Amino acid sequence: MKGFPMVMTVSSVLLDEWQELANQAAEAAQVPAALVMRVWPEQIEVLIASLGDENPYEEHEKADLGTGLYCETVMATHQPLLVPDALSDPEWANNPDIKLNMISYLGVPLVCPDDSIFGTVCVLDRQPRHYDTKTLRMLESLKAIIESDFHSVVAGDPIHEGSRSGSERRAFQNCIADLRASNGSPSPSA
């Protein structure tokens with residue numbers, strides 16, 4: 001893993017927006033947990049956790065690195081990771097998330113403007129899941145939004161709630177709509 005993330009203060013406006021996006025991602029993917037994770041020198045933090053009774057993760061909860069977490073592999077390889085069923089995969093048999101009954105995982109790396117790893121964005125479920133390309137595209141789209149926000153923060157651009165309706169956000173909303181349609185979920189009323 002290339003270095004630790006650059007020091008970056010994420011505003012409450014961004015955190016609120018990312019929270020809403022994580023909630024949408026979990027609902028559209030029909031999973032209990034969508035997370036934005038942030039890495040620190042010796043730990044990884046749940047920066048954002050989708051809201052829901054079935055999500056066992058809490059914001060700001062931290063876990064030690066070096067324990068075999070799914071996100072560690074994503075951060076080390078800089079590649080997406082799909083684990084359909086950790087219980088049937090010896091490579092993941094000792095994953096700490098199994099204790100939370102989170103046995104399936106799909107995650108992508110979040111990269112800072114200086115190419116260091118910030119963390120991951122991921123979805124997890126209690127049941128085996130072969131996440132499809134629509135779910136991966138949705139996570140990649142969420143990654144694009146967050147990484148665009150990183151660039152704005154580093155550049156010192158002021159970020160105001162609702163001020164950004166760029167192509168990344170439209171792409172994300174299109175991915176959410178496609179995922180809901182493929183899962184048979186109704187779109188929320190406008």
Side-chain angles (χ1 to χ4, degrees), residues 8-40 43-63 69-71 74 80-81 83 86 95-110 118-129 131-132 134-150 153 159-165 168-190:
M8 187 179 342
T9 301
V10 180
S11 73
S12 61
V13 170
L14 283 180
L15 292 174
D16 289 347
E17 287 186 21
W18 297 352
Q19 179 67 62
E20 179 55 35
L21 298 173
N23 293 344
Q24 290 178 38
E27 183 271 326
Q30 298 180 336
V31 296
L35 308 173
V36 176
M37 304 294 292
R38 182 174 193 167
V39 69
W40 296 101
Q43 294 183 309
I44 189 165
E45 174 188 9
V46 178
L47 184 63
I48 298 290
S50 59
L51 302 176
D53 294 338
E54 300 296 314
N55 188 346
Y57 302 97
E58 294 181 20
E59 274 186 31
H60 308 297
E61 146 185 9
K62 291 182 180 174
L69 295 165
Y70 304 119
C71 293
V74 173
L81 174 67
V83 179
N95 184 291
D97 291 303
I98 291 174
K99 292 177 185 149
L100 298 173
N101 220 13
M102 291 300 191
I103 62 168
S104 68
Y105 174 93
L106 179 63
V108 297
L110 290 173
F118 179 87
T120 67
V121 61
C122 57
V123 291
L124 300 99
D125 202 349
R126 289 188 167 91
Q127 58 190 347
R129 295 281 301 262
Y131 297 99
D132 60 12
K134 289 181 180 182
T135 307
L136 178 59
R137 273 196 307 265
M138 182 265 304
L139 283 181
E140 292 282 359
S141 183
L142 181 51
K143 166 188 168 76
I145 291 170
I146 294 171
E147 289 179 353
S148 175
D149 289 342
F150 291 165
V153 168
I159 298 172
H160 306 288
E161 191 168 2
S163 67
R164 299 172 336 272
S165 59
E168 290 96 356
R169 281 162 177 72
R170 284 189 297 279
F172 177 75
Q173 292 306 322
N174 289 338
C175 288
I176 291 290
D178 288 347
L179 199 50
R180 284 181 176 139
S182 70
N183 289 336
S185 300
S187 293
S189 306

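Here the structure is a predicted model, which is why all the values come from computation and not from measurement.
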Counting C-beta onward and ignoring hydrogens, is there a side-chain heavy-atom pair between [X] and [Y] closer than 4.5 Å?
| X | Y | value |
| --- | --- | --- |
| M102 | R126 | yes |
| E140 | C175 | no |
| C122 | V74 | no |
| K143 | P109 | yes |
| Y131 | L139 | no |
| Q173 | Q24 | yes |
| V46 | E58 | no |
| V108 | L136 | yes |

Q | Verdict with supporting geometry, L21 and I176, side-chain contact (heavy atoms from CB on, under 4.5 Å) | A | CA-CA 10 Å; L21 298 173; I176 291 290; over 6 Å; no

Q) Can you find a side-chain donor-acceptor pair between E27 and N23 that sits under 3.5 Å? A)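 No, no side-chain donor-acceptor pair sits under 3.5 Å.
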
Q) Are side-chain N/O atoms of N55 and S50 paired as donor and acceptor at under 3.5 Å? A)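 S50 and N55 do have a side-chain donor-acceptor pair below 3.5 Å.
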
Reported [atom1]-to-[atom2] distance for the pair [X] and [Y], which is rounded to 0.5 angstrom:
| X | Y | atom1 | atom2 | result |
| --- | --- | --- | --- | --- |
| Q43 | L69 | CD | CG | 11.0 Å |
| E20 | L15 | CD | CG | 13.5 Å |
| D178 | S141 | CG | OG | 10.5 Å |
| I48 | L35 | CD1 | CG | 10.0 Å |
| R38 | L110 | CZ | CG | 11.0 Å |
| I145 | L14 | CD1 | CG | 11.0 Å |

Q: Applying side-chain contact (heavy atoms from CB on, under 4.5 Å) between W18 and each of V13, L47, V121, report the one that passes.
A: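 Result for side-chain contact (heavy atoms from CB on, under 4.5 Å) with W18: L47.
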
Q | For K134, salt bridge (Lys or Arg N to Asp or Glu O under 4.0 Å) partners two or more places apart | A |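 Partners of K134 by the salt bridge (Lys or Arg N to Asp or Glu O under 4.0 Å) criterion come out as none, since no residue qualifies.
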
Q) Any idea which heavy atoms bring A28 and R180 closest together, and the distance? A)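 For A28 versus R180, the nearest heavy atoms are CB-CG, 4.0 Å.
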
Q: Describe, in one word, how the ring planes of Y105 and Y70 are oriented to each other, choosing from parallel (under 30°), tilted (30 to 60°) and perpendicular (over 60°).
A: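 Parallel.
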
